[in-house]
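Predicted, not measured: the structure shown is a model, and the values here were computed from it.
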Amino acid sequence: MYPQLAIEAAAHSDVGRRRSHNEDSFAALPCLGLFMVADGLGGHAAGEVASRMAIEVVKSCFEEEGDLEDTWPYGTGSAHDRDEVRLMLSVRRANRAIYEAGQRQEQMRGMATTFAGVLLGPGMAYIAHVGDSRVYRMRGGRLERLTQDHTLLAELLEEGDGALSALEALSDRANAVTRALGCGENVDIESRVEATAPGDIFLVCSDGLWGPVPEERIAAVLGAHRDLSVAASVLVELANEHGGPDNVTCVLARLGGG
């Protein structure tokens with residue numbers, strides 16, 4: 001592992017105004033450089049179980065010694081290569097664990113979860129996500145989304161104007177997630193690698209934040225509050241002020257030196 005980076009972090013989660021319990025799970029682990037949010041799907045207690053499993057399995061993969069698999073893809077690669085692969089393999093392992101648990105227990109059958117995670121290493125950020133939880137970066141006062149939602153709406157819009165009529169017909173299901181951990185034995189995990197700069201702020205959040213709160217407001221909060229704990233609390237309060245339609249979770253991490 002690398003020497004510990006100078007990372008400030010904060011996180012906040014709330015049930016929102018319209019849900020009876022919170023199915024979001026999260027972790028902010030500066031000691032590992034790892035920041036994650038999972039938004040459970042499946043209803044009842046199953047979504048909560050799936051999201052918690054995702055966070056716990058990925059976390060355990062970074063805490064254990066050695067390689068995650070006997071056939072490590074980058075056995076002789078650089079430390080950067082190994083970090084990228086470890087993140088992907090850990091999310092893949094979480095998918096398999098959730099799927100198998102659902103197959104074993106009837107009351108958990110069909111449970112799934114979105115996942116978004118950032119691993120911060122020296123000079124680099126490794127991002128992995130499945131579903132509609134998001135990762136943003138705030139740099140120089142500008143908020144940039146680093147993930148693309150895996151929803152019916154996003155996929156139809158990507159197809160262009162020809163899909164707009166179909167989108168109108170499916171408006172009640174447009175925000176349905178098309179990809180999630182636990183839906184099958186395998187999952188297509190989207191990844192991205194970004195160079196980092198001192199002072200970068202990474203925001204990992206569930207759709208309970210970005211859905212009701214415009215990105216301009218999110219950027220304004222991050223720009224106005226140096227204290228990340230305050231910023232996280234204000235963001236959650238804003239989501240609830242905008243109706244709190246869902247569980248809301250945000251994790252913030254800032255690289256030192258800026």
Side-chain angles (χ1 to χ4, degrees), residues 1-2 5 7-11 24-39 51 54-55 57-62 68 73-74 77-95 113-140 142-151 154-155 158 177-181 187-207 209-210 215 218-219 222 228 232 235 249-256 258:
M1 293 297 290
Y2 300 119
L5 300 175
I7 304 174
E8 299 175 62
D24 287 359
S25 298
F26 68 92
L29 305 166
C31 59
L32 297 175
L34 186 60
F35 305 90
M36 304 176 283
V37 168
D39 180 356
S51 67
I55 298 301
V57 170
V58 174
K59 176 175 177 283
S60 70
C61 289
F62 281 87
L68 298 185
Y74 292 102
S78 70
H80 289 303
D81 291 334
R82 293 170 68 85
D83 276 352
E84 181 181 2
V85 172
R86 181 176 286 272
L87 179 59
M88 294 293 287
L89 290 179
S90 68
V91 179
R92 197 169 298 152
R93 181 184 284 188
N95 175 75
T113 183
T114 71
F115 176 87
V118 178
L119 175 64
L120 297 177
M124 305 297 287
Y126 307 95
I127 298 162
H129 87 287
V130 178
D132 64 354
S133 291
R134 291 180 176 180
V135 177
Y136 290 91
R137 178 182 59 202
M138 183 83 163
R139 176 184 289 173
R142 177 173 176 265
L143 186 70
E144 179 183 2
R145 176 153 59 105
L146 301 180
T147 54
Q148 179 69 34
D149 299 335
H150 301 140
T151 63
E155 291 180 2
E158 190 173 351
V177 172
T178 56
R179 221 184 289 182
L181 300 185
V187 65
D188 186 6
I189 304 163
E190 193 161 340
S191 65
R192 180 168 178 166
V193 180
E194 288 284 324
T196 59
D200 280 352
I201 299 174
F202 288 88
L203 164 64
V204 190
C205 64
S206 62
D207 65 333
L209 176 63
W210 64 258
E215 292 182 355
I218 295 174
L222 295 179
L228 294 186
L235 288 174
T249 301
C250 65
V251 173
L252 293 169
R254 179 169 55 222
L255 287 167

Check: Val91 and Phe115 side chains under 4.5 Å, non-hydrogen atoms: yes
Ionic contact status for Arg192 with Glu194, cut-off 4.0 Å: yes
Tyr136 side chain reached by Ile201 side chain, heavy atoms, under 4.5 Å: no
Taking every non-hydrogen atom, the tightest pair across Phe35 and Pro30: CZ-CA, 3.9 Å
Set of residues satisfying side chain to side chain donor-acceptor pair (under 3.5 Å) with respect to Thr178, sequence neighbours excluded: Glu155
Side chain to side chain donor-acceptor pair (under 3.5 Å) partners for Arg254, two or more places apart: Glu8
Closest non-hydrogen atom pair, Ala94 against Val58: CB-CG2, 4.1 Å
Nearest atoms (heavy-atom pairs only) where Leu143 meets Ala219: CB-CB, 3.8 Å
Contact check, side chains of Leu203 and Val135, non-hydrogen atoms, under 4.5 Å: no
Any donor-acceptor N or O pair under 3.5 Å, side chains Ser206, Asp24: yes
Set of residues satisfying side chain to side chain contact (heavy atoms under 4.5 Å, CB included) with respect to Ala232, sequence neighbours excluded: His12, Cys250, Leu252
Non-hydrogen side-chain atoms of Ile218 and Leu235 separated by less than 4.5 Å: yes
With Ala180 via side chain to side chain contact (heavy atoms under 4.5 Å, CB included) - residues at least two apart: Leu41, Ala112, Val177, Cys183
SG on Cys61 to CZ on Arg86, rounded to 0.5 Å: 7.5 Å
Set of residues satisfying salt bridge (Lys or Arg N to Asp or Glu O under 4.0 Å) with respect to Arg145, sequence neighbours excluded: Asp149, Glu215
Donor-acceptor contact below 3.5 Å, side chain Trp210 vs main chain Asp132: yes
Within-4.5 Å side-chain heavy-atom neighbours: Phe62 and Leu29: no
Under the salt bridge (Lys or Arg N to Asp or Glu O under 4.0 Å) test, residues paired with Arg179 that sit two or more places apart: Asp188
From CA spacing to verdict: side-chain contact (heavy atoms from CB on, under 4.5 Å), Val130, Thr114: CA-CA 5 Å; Val130 178; Thr114 71; over 6 Å; no
Smallest separation among heavy atoms of Ala9 and Ala28, with atom names: CB-CB, 4.4 Å
Partner set under side chain to side chain contact (heavy atoms under 4.5 Å, CB included) for Asn95, not counting sequence neighbours: Leu181, Val187
Gap between atom OG of Ser191 and atom CE of Met88 - 0.5 Å precision: 4.0 Å
Partners meeting side chain to side chain donor-acceptor pair (under 3.5 Å) with Asp39 (sequence neighbours left out): none
Of all pairs that satisfy salt bridge (charged side-chain N to carboxylate O under 4.0 Å, His left out), the ones with a partner from residues 196-207, not counting sequence neighbours: Arg139-Asp200
Side-chain (His129) to main-chain (His150) donor-acceptor, under 3.5 angstrom: no
Residue pair Ala27 / Ile55: nearest heavy atoms and the distance that separates them: CB-CG2, 3.6 Å
Non-neighbouring partners of Glu190 that pass salt bridge (Lys or Arg N to Asp or Glu O under 4.0 Å), sequence neighbours left out: none
Side chain proximity check, Val118 to Leu120, heavy atoms < 4.5 angstrom: yes
Side-chain touch Met36/Val204, heavy atoms, less than 4.5 angstrom: no
Sequence-distant partners of Ser51, side chain to side chain contact (heavy atoms under 4.5 Å, CB included), two or more places apart: Ser25, Ala38, Thr113
Straight-line distance of Ile189 CD1 to Leu87 CG, nearest 0.5 Å: 8.5 Å
Verdict with reasoning, Val251 to Phe202, per side-chain contact (heavy atoms from CB on, under 4.5 Å): CA-CA 8 Å; Val251 173; Phe202 288 88; over 6 Å; no
Ile127 side chain near Val193 side chain, heavy-atom distance below 4.5 Å: no
